[in-house]
Amino acid sequence: MNASEDYSALKQLNEEQLPISKHKLHGWAHFLGLYAGEHVAATEFVIGATFVALGAKTTDIILGLLVGNILAILSWTFITAPIAVETRQSLYTYLNKIAGDSMTKLYNWANVIIFTVISAAMITVSSTAVRFAFDIPAQLNWYPTNAFFVIVVLLVGTIVVFVAMYGFKAVSEFSSICAPWLFVMFSSGALVLMPALSEAVLGKTELNGWSDFLLIGDQSIWTGVNSDGETGIGLLEVIGFAWAANTITHFGLIDMALLRYAKKSSYGLATSSGMLFGHFVAWICAGIMGAGTAVLLKKSITELDPGDVAYYALGLSGFVIVIIAGWTTANANLYRAGLAAQAIFYKHSRRKTTLVVGIVTVIVACFPFVFTQMLPLLTYAGLLVVPVGAIVFAEHVIFPRIGLTRYWVSYKNVKTSVPAVASWGLGLVFGFGLNAMNVISFYYLFIPTWIFTILLYTLLAKKYGAAESYPEEEALDKQRNEKIIAYQDEQAENDSPHLDDKSGFTKLLRVIAYGSLIITMVLAIITMFWSPDMAQYEINRDIFYTYAFICTLTYFATAYWVLQRNKALNKSDH
């Protein structure tokens with residue numbers, strides 16, 4: 001076969017089936033923005049308030065979230081990123097190579113379920129803002145108690161489904177500009193409601209220092225007593241959840257799909273923008289906002305939903321933050337669910353599979369339990385896919401170190417890898433069995449499950465063929481990789497570099513956009529630190545509500561304008 005015939009065969013493959021080429025790699029700034037955008041979402045309202053309801057203490061929250069999120073960052077950096085950078089493949093492609101079609105189909109089914117539930121939760125969260133606007137009662141049971149709420153969910157969900165089907169690229173681009181605004185709004189909401197909490201606890205609206213903050217936290221936010229009046233979760237549980245919340249993406253290796261574009265494996269540290277700002281800061285701020293709203297409304301935090309919290313913390317901007325954060329996250333996850341379903345039902349188009357999955361998602365979204373139970377749902381989702389991450393880790397990292405052969409399943413042309421399927425199944429039995437026996441904290445189940453699956457898969461793979469050598473197949477594989485690199489280098493010559501519009505008008509738009517964020521933060525700081533009494537506080541808070549909303553509209557209008565100007569510039573150049 002000559003080179004032109006080889007290239008013709010490669011052209012029949014889509015990008016997902018080929019390693020990412022060098023000219024498509026991104027720098028560290030790209031990943032800082034990517035993770036900030038993905039991990040500052042509407043779920044932060046739910047999770048932040050849940051920590052309050054679970055009865056964590058203030059010092060446990062601050063220290064526990066910091067340690068847990070740092071552990072998550074290190075997991076991405078030392079587990080996910082090295083494999084992604086070395087292979088330049090997504091987990092789905094790698095898994096098919098080492099486990100065969102049957103295992104990959106099972107895994108895709110798991111992804112359909114996981115991303116459907118997460119998408120449903122986001123639709124429900126977005127609907128809480130819409131229901132608030134129409135004075136529909138909060139939905140606090142696992143089932144819907146108001147027909148109008150169901151109608152709202154169906155309308156919001158229908159929009160999400162059709163955007164995921166037809167306009168995901170536009171939403172993806174739009175969500176990239178949301179991260180700076182989301183961070184400002186979460187921080188502002190906490191600042192704005194802190195004087196109300198201070199008045200309720202200390203009898204004054206101004207805090208004199210860190211000791212006042214800790215006192216307010218201990219007495220009205222993170223009290224150490226849960227919603228049932230019992231002793232709440234401790235430091236280890238807080239650390240465990242913060243670490244386990246994203247096991248699906250780091251230990252479970254889903255984020256190989258993102259980090260395969262990284263120039264260096266050290267770019268895994270860029271996840272800190274999502275973990276330290278999106279989770280550490282946002283979860284603390286969400287807890288403060290939830291407690292502050294409960295004080296203003298004289299209700300328990302368990303009686304509130306994200307719509308209540310966002311409105312009383314941010315005014316009309318609160319509607320925007322809940323709808324946009326929920327909408328963009330739901331679209332991304334529904335798109336993933338549609339892709340996974342299309343990989344199973346490959347004779348049908350992605351649009352058709354996304355529609356079917358979307359219908360199921362919207363039905364599930366009508367039941368509020370999907371967002372009220374986000375902590376256990378995320379932990380169980382992580383436990384479901386961690387064994388798969390363990391199998392890939394064993395194959396890629398451990399096998400070469402102990403003399404076993406990578407990709408032995410492909411070399412033997414095995415359609416179904418018995419070691420992979422058995423290890424995943426027994427890994428799940430092991431993990432959920434530990435949970436049933438209650439021998440280890442719920443939030444740490446992923447660690448022994450991961451280790452158990454690695455050991456089991458390594459032993460089974462050695463027995464089934466990984467201990468053998470395949471020199472001819474390895475040589476052919478090496479030749480194919482060289483041809484792929486040559487083909488991609490040829491394609492790179494035809495690709496134009498991305499251009500950034502540096503015109504004076506675009507610079508002005510950027511100044512206006514980021515200036516509006518600065519104004520919003522300044523108004524929140526004024527409300528926090530220059531409200532000597534409740535009368536002045538209410539005046540400052542109302543000013544913040546009004547101008548923060550104006551600044552929100554200004555930011556999105558100008559930031560989106562910049563995005564469109566950059567797109568137009570690159571389109572004309574290409």
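One is the number of the first residue; the rest follow in order along the sequence. Bear in mind the structure is a predicted one, so any value in this text is a computation, not a measurement.
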Show the nearest heavy-atom pair for residues [X] and [Y], with the distance to one decimal.
X    : Y    : value
L460 : A422 : CD1-CB, 4.1 Å
L197 : S220 : CD2-OG, 3.4 Å
T552 : S317 : OG1-OG, 3.3 Å
G252 : L91  : O-CD2, 3.4 Å
T520 : M185 : CG2-SD, 3.9 Å

Using atom types as modelled and distance alone, determine if a side-chain donor or acceptor of [X] lies under 3.5 Å from a backbone N or O of [Y].
X    : Y    : result
N111 : Y107 : yes
N226 : E230 : yes
S265 : A81  : no
R88  : R260 : yes
R541 : L314 : no
E395 : V392 : no
T453 : P387 : no
T58  : D218 : yes
T449 : L445 : yes
S423 : A420 : no

Suppose we screen for ring-ring contact (aromatic ring centres under 6.0 Å, His included). Which residues come up paired with [X], at least two apart in sequence or across chains?
X    : result
F432 : Y380
F399 : Y457
W109 : F345

Are the side chains of [Y] and [X] in contact, using a 4.5 Å heavy-atom criterion?
X    : Y    : result
I216 : I288 : no
I233 : D60  : no
L334 : F115 : no
F213 : M194 : yes
R406 : P400 : yes
F430 : L456 : no
V295 : E199 : no
V238 : W283 : no

- Message: Enumerate the side chain to side chain donor-acceptor pair (under 3.5 Å) contacts for residues 207-217, please, sequence neighbours excluded, ordered by first and then second residue.
- Response: K204-D212

- Query: Could you give all pairs that pass the side chain to side chain donor-acceptor pair (under 3.5 Å) test and reach residues 244-258, with sequence neighbours left out?
  - Reply: Y35-D255, W76-D255

- Task: Output, in order, the C-alpha distance, side-chain angles, deciding distance and verdict of side-chain contact (heavy atoms from CB on, under 4.5 Å) for T80 and M256.
- Result: CA-CA 6 Å; T80 317; M256 280 177 64; 4.2 Å; yes

- Task: Could you go through the side-chain contact (heavy atoms from CB on, under 4.5 Å) check for F186 and M289 one step at a time?
- Result: CA-CA 9 Å; F186 269 101; M289 286 189 275; 3.6 Å; yes

- Task: Mind running side-chain contact (heavy atoms from CB on, under 4.5 Å) on H396 and L253 for me, showing each step along the way?
- Result: CA-CA 12 Å; H396 192 82; L253 298 181; over 6 Å; no

- side chain to side chain contact (heavy atoms under 4.5 Å, CB included) filter on V397, not counting sequence neighbours, yields I83, F393, R401

- Query: From S188 OG over to I525 CD1, what is the distance, rounded to the nearest 0.5 angstrom?
  - Reply: 8.0 Å

- Task: Quick one: pull up OG in S441 and CG in L434 and give me the separation to the nearest 0.5 Å.
- Result: 11.5 Å

- Task: Examine F556 together with W181 and report whether their ring centres are nearer than 6.0 Å.
- Result: yes

- How are the rings of F241 and Y443 set relative to one another: parallel (under 30°), tilted (30 to 60°) or perpendicular (over 60°)? perpendicular

- Query: For L54 and E237, what are the C-alpha separation, side-chain angles and deciding distance, and is it a side-chain contact (heavy atoms from CB on, under 4.5 Å)?
  - Reply: CA-CA 10 Å; L54 288 175; E237 284 81 8; over 6 Å; no

- Message: Exactly one of F446, F78, Y444 should register a ring pair (Phe, Tyr, Trp, His ring centres under 6.0 Å) with F251. Which one does?
- Response: F446

